[in-house]
Every structure is written in C-alpha cells, then in structure tokens.
*Asks:* 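Starting off with a structure, shown below.
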Amino acid sequence: MPDRDVIIIGAGVAGLTCGCLLAQKGLKVLIVEKNQKVGGCCSSFQREGFSFDLSVQSLGECQEGGRIWNLLKKLDLLNDIRFISLEPAREYHFSDQRLVQSSQLETHIENLSRLFSDERKGIAQVYEVLRKSFDEFSRIPLSLNWFDPSSFSSQYPLLSKYKDKTYGELLGEFISNPFLKTILSIRCSYGLLPPEEISVVGMAGIEMSYFSHGVSCVEGRVEELPLKMGEAFEKMKGKIFLGQEVEKILTEKKRAIGIKLKGGQEVTGNVIISNIDAHATFSALLGEDQIPSGFRSKLKGMRPSISYFILYLGIDGGLEELSVPNNEVFPDDPLSKEYEALYENRIPDRAPFYLLAPSNINPSHAPEGKGTLCLSMKAPYHFSRDWDQKVIDQLSQDLIFRASALVPGLNKRILTKAEATPKTIEKWTGNLQGAAYGWAQIPGQSGIHRLQRTTPIPNLFLTGHWTSPGGGIAAVVASGELTAEAIWSKFERGDF
Ligand SMILES: Cc1cc2nc3c(=O)[nH]c(=O)nc-3n(C[C@H](O)[C@H](O)[C@H](O)COP(=O)(O)OP(=O)(O)OC[C@H]3O[C@@H](n4cnc5c(N)ncnc54)[C@H](O)[C@@H]3O)c2cc1C
C-alpha cells in the first residue's frame with residue numbers, strides 16, 4: 001500500500017487549492033514545500049516594521065460568486081480572509097495625459113467609448129470576443145481527455161476561431177486609432193508580452209479574471225490567503241512537510257510511484273501532482289531519460305514568461321499625493337520598444353514602470369504616519385549575470401528618480417528598502433529564470449495548446465501556472481480545482 005493517496009510537490013496557491021479539495025473528499029494528501037512557509041509567489045515579508053507583499057498586488061474573482069470567493073466558501077474560510085475592492089482599478093500616466101481605469105467592464109467600455117466615440121462598436125466587439133473566449137474556455141469539461149476535434153468548432157466557436165491568433169490581430173480586426181490600440185494593449189504587460197505576441201485566450205484570461213467579480217486586494221498581507229488555506233488543509237487531516245525539498249520523483253515501470261526528499265526520505269503515493277516549475281519537474285525530478293523524446297523536445301522549445309525587478313520602499317509620511325494606489329507610468333516611446341530591449345536582455349532607459357502604494361489600501365503595512373511603495377518593471381533574467389548590488393542600486397536609483405515625479409522628494413523620505421530580482425524570485429519559488437506566470441501566453445502555449453495537466457508519465461499530473469489555464473492567482477485556483485476534480489473522478493472510478 002502506498003503511504004499516501006496523493007502527494008503534491010509545492011505549496012503554491014494551486015497546490016494548496018488542489019490539496020484542500022482532495023483532502024475534503026477524505027483522501028490522504030501530503031504537500032511537500034521547500035520553503036519554511038506555504039504560498040510560493042503569493043508570499044509577504046517584513047522589514048523594519050513595514051510589511052511588503054513579494055509579488056501579488058491585486059486579484060480577480062474575489063467578490064461574491066467569483067472563483068476565489070467560491071473556493072473560500074467551500075473551505076469555510078470566508079470569515080477568515082477579507083478582500084478590499086479597488087475602484088478605480090488603476091491609473092495610467094502618459095507624458096501628456098492620465099487615464100483612470102474602472103474595475104467594472106461596462107464602465108470601462110463606456111469611458112473608452114466616450115473618449116473614442118468613432119470606435120464605440122469596435123471597443124465593444126473586442127471585449128465581447130474576450131468575454132466569450134473566457135466563458136468558452138471556462139466551460140471546457142474537467143475530463144483530462146475532453147478534446148474532440150469533430151465537435152470543437154461547433155461547441156467552442158470563439159476558441160476555435162481565435163485559438164492561434166494574437167491579441168494584436170484581434171485589435172487589428174476591430175480598432176483603427178493607434179492610441180486606442182495602445183490603451184487597449186496596456187494590460188498585455190500583465191502577460192509580459194506585447195500585443196503582437198500574446199494570444200487572444202491569454203489576454204481573455206488576464207482581462208476577464210479581473211473584470212469578473214472585481215479587482216481586489218487581500219486585507220492585511222496577501223499571504224493570509226495561502227496561510228489560511230494551509231491551516232484549513234491541516235484541519236482536514238492533510239499533512240504538510242515544510243522546509244523539505246523534493247529531489248526526485250520515483251518511478252516504477254515508467255509510472256510515478258512516489259518522491260524522494262533531499263534528506264533521503266522516500267514517500268510513496270498513488271498520485272503525484274507537481275505544482276512546481278515544469279522544467280524542474282521533468283528534467284531535474286524525473287530525469288530526461290524518463291520522458292518520451294517528442295515531449296522532451298517540445299519542452300525544450302517552450303518559452304517561459306519573463307520576470308520583474310521590484311523595489312520595496314518603507315517611507316516617511318503618507319502618500320496622499322497619489323489619487324489612486326495602483327499607477328502605471330509610460331514613456332513617449334511605443335510600447336513595442338520595451339520588448340525589443342527585453343528580448344536583447346536589456347532594460348530600456350525609460351521603461352514603463354508600476355508604482356503601487358500598498359499602504360494606501362492596507363494601512364497596516366506601515367507604522368503610523370509612514371507608508372509603503374512598490375516600484376517595479378519587467379526584467380529579463382539575463383540582464384545581469386550575478387544581479388550584484390551595483391546593478392541593483394543602479395536600477396533602484398533610476399526607479400526612485402522617475403517615481404519622484406509622482407511622489408515629490410521621495411529620495412529623502414526612504415526609511416528602508418528591499419529588492420527582488422528575477423534571481424530572487426527564481427530562488428524563492430523555483431520558477432525558471434524567475435518566470436512570473438509560468439509559460440509565456442503566446443498562441444502555441446495558451447488555451448488548448450497549453451501544457452496539459454496530464455503528463456506522459458502515468459500517475460503524474462500538473463497543477464499551477466505551468467499548466468492550464470495559466471498565471472495569476474485566480475487562474476491557478478482554477479488550475480488547482482481542475483486537477484483535483486479530474487483526480488477525484490479517477491479515485492471514484494476505482495482507478496487506484
Ligand atoms: C513579481 C510577480 C508579480 C505578480 N503579480 C500578480 C498579481 O498582482 N496578481 C496575480 O493574480 N498574480 C500575480 N502574479 C502571478 C502569481 O503570483 C502566480 O501565477 C501564482 O502565484 C503561481 O502559483 P502556483 O501555485 O502555480 O506556483 P508557485 O507560487 O510558483 O509555487 C510553487 C511552490 O513550489 C515550491 N517548490 C519549488 N520546487 C520545489 C521542490 N523541488 N520541492 C518542494 N517544493 C518546491 C516553491 O517553493 C513554491 O512555494 C505575480 C507573479 C510574480 C512573480
């Protein structure tokens with residue numbers, strides 16, 4: 001008899017979602033996490049009396065009826081985790097104007113339509129395609145082998161039409177004004193891709209998971225979400241090993257049968273679920289000789305998403321000068337310039353950047369009379385070999401200088417600072433090159449083309465942002481649910 005019904009490698013939000021749902025069904029589940037706490041990307045840290053969220057700033061699907069809200073209801077956690085709604089969601093700063101974006105789709109469409117009245121119809125059509133693609137993708141059955149080519153186009157017309165198309169192509173179909181195209185493309189940067197590369201399905205996931213059931217922040221620290229999920233999991237008799245790294249996935253006759261920890265301990269299970277980086281799962285933990293050559297070369301040709309450089313600042317005084325806590329600042333250059341540089345492992349001199357004031361949403365992040373700021377920009381892993389202090393200081397100074405236009409005198413108000421580079425993110429999460437969202441959401445890696453939850457190794461499954469539907473907290477909750485339901489149906493059928 002195996003030691004456990006299910007073993008999950010990694011306690012990211014997807015691993016925890018999957019673990020909770022399977023433990024709730026009465027299965028014996030073990031989650032193994034290399035860090036001393038659960039959460040992965042969705043973590044927080046303290047510095048000199050200030051509290052910072054490592055990466056996740058805002059979440060979709062948290063208001064009543066949304067996917068995250070529904071999960072918390074199922075786990076009886078609605079009284080333990082509270083959300084703060086953001087309206088407006090964010091403000092965009094161009095050199096000659098500012099635009100505020102609503103978190104409500106109808107208001108957002110109406111605001112844009114007033115600014116670009118000739119394009120009213122096109123704006124509505126773009127969002128209609130995104131909404132319907134998102135709905136169709138959310139309706140795809142849980143079965144791991146659902147795909148039937150003969151009925152796909154009639155059942156999923158939008159997915160079928162746009163499955164190989166980029167968002168840039170969609171905009172080309174319906175929008176003429178170049179500045180409107182820029183505004184409609186801003187959110188592509190959440191997928192860390194330009195509109196010419198991001199898939200329609202990937203963009204639908206990014207936009208609709210935020211427009212659906214509001215844009216929210218967790219009250220307090222963002223890691224409250226995974227920490228409470230971890231507690232709920234343990235209450236349901238789930239077991240978590242913290243500070244234990246999985247070194248190997250054990251196989252027998254080409255089937256996954258268990259794991260080996262770095263300390264040498266082996267644990268066997270009927271089902272092994274990997275919530276970690278897909279390269280590590282197949283290359284390091286399984287070994288390339290265990291996977292079929294076709295799958296091996298497919299993986300080698302796949303592209304991870306890029307990463308971020310983040311500067312966290314604890315500052316003196318409040319941040320009343322910011323009318324909205326989430327801000328995005330753009331230079332005059334076309335947005336595509338940034339990606340030309342990133343693909344050459346450079347960060348352009350005047351790269352767009354995010355300026356967030358988390359303590360304006362969550363005052364508990366800073367002591368009385370003080371505030372927190374989070375400045376960040378996209379960064380390629382190979383921008384620097386070592387990401388040494390000199391590189392970090394240079395990038396930090398540039399960001400502080402540019403942010404001073406919004407927060408006057410910023411340089412003199414800094415009380416504490418910390419930084420995260422793509423290397424820091426890689427080390428903490430194990431995600432290749434600090435990839436923020438798993439695989440890049442290009443058409444060949446999105447929607448029905450995304451790496452599946454099944455693997456060529458029987459009894460080994462995936463969950464999280466390296467599989468379907470993709471990155472972001474709402475999406476990995478969906479991934480955890482999908483993997484759990486598919487596995488539970490196997491247990492119900494008596495496959496184990
Ligand atoms: C900088 C940044 C900003 C982001 N901003 C947002 C945002 O504002 N909103 C949003 O919704 N999403 C955001 N995201 C994306 C979101 O955080 C991720 O898509 C999501 O959290 C990924 O969850 P996951 O469960 O797939 O895996 P992860 O969070 O990557 O968790 C994987 C876990 O596996 C563990 N692990 C790895 N290797 C091993 C091993 N060998 N043995 C044991 N454990 C192991 C890791 O320590 C980690 O805890 C952001 C991501 C980043 C990096």
Side-chain angles (χ1 to χ4, degrees), residues 7-19 30-43 53-62 68 86 89-90 189-192 205-206 209-210 215-218 222-223 225-226 229-230 240-249 259-262 273-281 284-285 304-310 312 326 354 356 358 374 376-379 420-422 424-439 441 462-467 469-480 483:
I7 299 171
I8 301 176
I9 308 169
V13 171
L16 289 165
T17 303
C18 195
L30 167 70
I31 301 182
V32 186
E33 168 55 50
K34 72 172 177 56
N35 293 335
Q36 293 295 345
K37 61 179 176 182
V38 301
C41 298
C42 193
S43 296
D53 293 330
L54 175 75
S55 53
V56 177
Q57 304 294 339
S58 55
L59 301 86
E61 308 254 14
C62 296
I68 296 179
L86 294 188
R90 51 194 83 85
S189 70
Y190 279 71
L192 299 161
I206 291 168
S209 70
Y210 276 99
V215 178
S216 309
C217 286
V218 172
V222 79
E223 70 177 10
L225 177 69
M229 288 170 74
I240 307 183
F241 287 177
L242 287 178
Q244 303 264 20
E245 186 166 341
V246 176
E247 184 182 67
K248 211 169 164 23
I249 294 173
I259 53 158
K260 183 176 172 199
L261 304 179
K262 252 201 168 148
I273 301 172
S274 175
N275 175 212
I276 71 167
D277 171 80
H279 282 276
T281 302
L285 269 55
S305 51
I306 43 183
S307 192
Y308 286 102
F309 174 78
I310 311 170
Y312 312 88
N326 288 359
Y354 299 94
L356 311 176
C374 179
S376 62
M377 58 191 174
K378 300 177 205 77
T421 71
T424 323
I425 298 170
E426 181 182 61
K427 194 165 172 221
W428 178 254
T429 64
N431 286 311
L432 183 73
Q433 299 180 0
Y437 299 109
W439 303 114
Q441 286 277 13
L462 304 183
T463 196
H465 63 183
W466 296 93
T467 180
I473 299 301
V476 301
V477 162
S479 182
T483 307

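Order of listing sets the numbers, starting from 1, for every ligand and every atom in it.
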*Asks:* Considering both backbone and side-chain atoms of Glu245, is one of its nitrogen or oxygen atoms within less than 3.5 Å of a nitrogen or oxygen in ligand 1?
*Replies:*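 Such a contact does not occur with ligand 1.
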*Asks:* Out of curiosity, Ile473 CD1 to His465 NE2, how far, rounded to the nearest 0.5 Å?
*Replies:*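 Between atom CD1 of Ile473 and atom NE2 of His465 there are 9.0 Å.
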*Asks:* If you measure every N/O of Gly464 against every N/O of ligand 1, is any gap under 3.5 Å?
*Replies:*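 Gly464 vs ligand 1: no N/O contact under 3.5 Å.
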*Asks:* Check whether any heavy atom of Tyr210 sits under 4.0 Å from an atom of ligand 1.
*Replies:*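 Per 4.0 Å heavy-atom rule, Tyr210 contacts ligand 1.
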*Asks:* Going by the order shown, which atoms of ligand 1 are within less than 4.0 Å of some heavy atom of Ala14?
*Replies:*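 Once the distances to Ala14 are compared, the set is 25 (O).
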*Asks:* Enter the distance from Thr281:OG1 to Asn275:CG here, rounded to the nearest 0.5 Å.
*Replies:* 9.0 Å
*Asks:* So between Phe241, Tyr437, Trp466, whose heavy atom ends up nearest atom 50 (C) of ligand 1?
*Replies:*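 The option holding the nearest heavy atom is Tyr437.
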*Asks:* Can you check which of His465, Lys378, Lys427 brings a heavy atom nearest to atom 18 (C) of ligand 1?
*Replies:* His465
*Asks:* To which protein heavy atom is atom 43 (C) of ligand 1 closest, and what is the distance rounded to 0.1 Å?
*Replies:*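 I find the closest protein heavy atom is Lys34 N, 3.3 Å.
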*Asks:* Within the distance-only criterion (no hydrogens, no angle test), does the side chain of Asn431 pair as donor or acceptor with the backbone N or O of Ala436 below 3.5 angstrom?
*Replies:*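 Such a contact is absent between Asn431 side chain and Ala436 backbone.
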*Asks:* To check your reading of the model: name the closest protein heavy atom to atom 29 (O) of ligand 1, its residue, and the distance in Å.
*Replies:* Cys41 N, 2.9 Å
*Asks:* Which option out of Ile276, Val215, Thr281 puts a heavy atom nearest to atom 45 (C) of ligand 1?
*Replies:*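 Considering heavy atoms of Ile276, Val215, Thr281, the nearest to atom 45 (C) of ligand 1 sits in Ile276.
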*Asks:* Would the distance check show the side chain of Trp439 and the main-chain N or O of Ser305 forming a donor-acceptor pair, the cut-off being under 3.5 Å?
*Replies:*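 Side chain of Trp439 to backbone of Ser305: no pair is present.
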*Asks:* Say whether, by atom type as modelled, one donor and one acceptor occur between the side chain of Ser55 and the main chain of Cys41 under 3.5 angstrom.
*Replies:*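 Yes, Ser55 side chain to Cys41 backbone: donor-acceptor pair under 3.5 Å.
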*Asks:* Could you check atom 42 (N) of ligand 1 against the protein and tell me its nearest heavy-atom contact, residue, atom and distance included?
*Replies:*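 Going atom by atom, the protein heavy atom closest to atom 42 (N) of ligand 1 ends up being Val246 N, 2.9 Å.
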*Asks:* Side chain of Glu33, backbone of Leu242: donor and acceptor closer than 3.5 Å?
*Replies:* no
*Asks:* So, taking the atom named CG in Leu261 and the one named CD1 in Ile9, what distance separates them when rounded to the nearest 0.5 Å?
*Replies:*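 That separation rounds to 9.5 Å.
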*Asks:* Given Ile8, Val38, Ile473, which one has a non-hydrogen atom that is nearest to atom 21 (O) of ligand 1?
*Replies:* Ile473
*Asks:* What are the atoms of ligand 1, with element, lying closer than 4.0 Å to any heavy atom of Ile310?
*Replies:*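 The atoms of ligand 1 under 4.0 Å from a heavy atom of Ile310 are 1 (C).
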*Asks:* Identify, for atom 49 (O) of ligand 1, the protein heavy atom at the shortest distance, and state residue, atom and that distance.
*Replies:*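 Going by distance alone, atom 49 (O) of ligand 1 is nearest to Glu33 OE1, 2.7 Å.
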*Asks:* Indicate yes or no for a side-chain donor-acceptor contact from Thr463 to the backbone of Ser479 under 3.5 Å, with no hydrogens or angles considered.
*Replies:* yes
*Asks:* For atom 27 (O) of ligand 1, what's the nearest protein heavy atom and its distance?
*Replies:* Asn275 ND2, 3.7 Å
*Asks:* Hey, does the side chain of Thr17 reach the backbone of Gly480 with a donor-acceptor pair shorter than 3.5 angstrom?
*Replies:* no
*Asks:* Check each of Asn431, Thr429, Leu242, Leu285 against atom 30 (O) of ligand 1 and report the one with the nearest heavy atom.
*Replies:*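 Shortest heavy-atom distance from atom 30 (O) of ligand 1: Asn431.
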*Asks:* Can you measure from CZ (Phe241) to CD1 (Ile7) and round to the nearest 0.5 angstrom?
*Replies:* 8.5 Å
*Asks:* Atoms of ligand 1 less than 4.0 Å from Gly471 heavy atoms?
*Replies:*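 Within the 4.0 Å cut-off of Gly471, ligand 1 contributes 19 (O).
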*Asks:* Report yes if some N/O of Leu59 lies less than 3.5 Å from some N/O of ligand 1; otherwise report no.
*Replies:* no
*Asks:* Just which atoms of ligand 1 are under 4.0 Å from any heavy atom in Asn35?
*Replies:*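 Contacts of ligand 1 toward Asn35, numbered from 1: 47 (O).
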*Asks:* Any idea which heavy atoms bring Lys34 and Lys427 closest together, and the distance?
*Replies:*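 Closest approach of Lys34 to Lys427: NZ-O, 3.1 Å.
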*Asks:* With heavy-atom distances below 4.0 Å as the criterion, list the atoms of ligand 1 near Val32.
*Replies:* 43 (C), 44 (N)
*Asks:* Could you pull out the closest heavy-atom pair between Glu247 and Lys262, with the gap in Å?
*Replies:*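 Glu247 and Lys262 have their closest heavy atoms at OE2-CG, 3.9 Å.
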*Asks:* Using a plain distance cutoff, I'd like to know if Gln244 has any nitrogen or oxygen under 3.5 Å from a nitrogen or oxygen of ligand 1.
*Replies:* no
*Asks:* Taking all non-hydrogen atoms of both residues, which atom of Gly470 and which atom of Ala475 are closest, and how far apart?
*Replies:* O-CB, 3.4 Å
*Asks:* Would you say Val476 has any N or O atom under 3.5 Å from an N or O of ligand 1, going by distance alone?
*Replies:*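 It does not: no N or O of Val476 is found under 3.5 Å from an N or O of ligand 1.
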*Asks:* When you measure from atom 34 (O) of ligand 1 to every protein heavy atom, which one gives the shortest distance, and what is it?
*Replies:*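 Residue, atom and distance for the closest contact: Gly10 CA, 3.3 Å.
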*Asks:* Distance to 0.1 Å, residue and atom name: give those for the protein heavy atom nearest to atom 31 (O) of ligand 1.
*Replies:*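 In this structure, atom 31 (O) of ligand 1 has Gly12 CA, 3.3 Å as its nearest protein heavy atom.
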*Asks:* Could you identify the single nearest non-hydrogen protein atom to atom 5 (N) of ligand 1 and state the distance to 0.1 Å?
*Replies:*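 Closest protein heavy atom to atom 5 (N) of ligand 1: Ser55 O, 3.5 Å.
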*Asks:* Looking at Trp428, which atoms of ligand 1 are within less than 4.0 Å of one of its heavy atoms?
*Replies:* 47 (O)
*Asks:* Please report the shortest heavy-atom distance between Cys62 and Leu59, naming the atom on each side.
*Replies:*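 Taking Cys62 first and Leu59 second, the nearest heavy atoms are SG-CB, 3.7 Å.
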*Asks:* Should Gly472 be counted as touching ligand 1, given the test is an N or O pair under 3.5 Å?
*Replies:* yes
*Asks:* Using atom types as modelled and distance alone, determine if a side-chain donor or acceptor of Tyr308 lies under 3.5 Å from a backbone N or O of Ile425.
*Replies:* no
*Asks:* Under 3.5 Å, is there a donor-acceptor pair between the side chain of Tyr354 and the main chain of Asn326?
*Replies:*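 No, because the side chain of Tyr354 does not come within donor-acceptor range (under 3.5 Å) of the backbone of Asn326.
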*Asks:* Using distance alone, determine whether Ser58 and ligand 1 share an N or O pair under 3.5 Å.
*Replies:*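 Yes: some nitrogen or oxygen of Ser58 is under 3.5 Å from one in ligand 1.
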*Asks:* Quick one: which ligand 1 atoms are inside 4.0 Å of a heavy atom on Gly40?
*Replies:*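 Every atom of ligand 1 under 4.0 Å from some heavy atom of Gly40: 29 (O), 31 (O), 48 (C), 49 (O).
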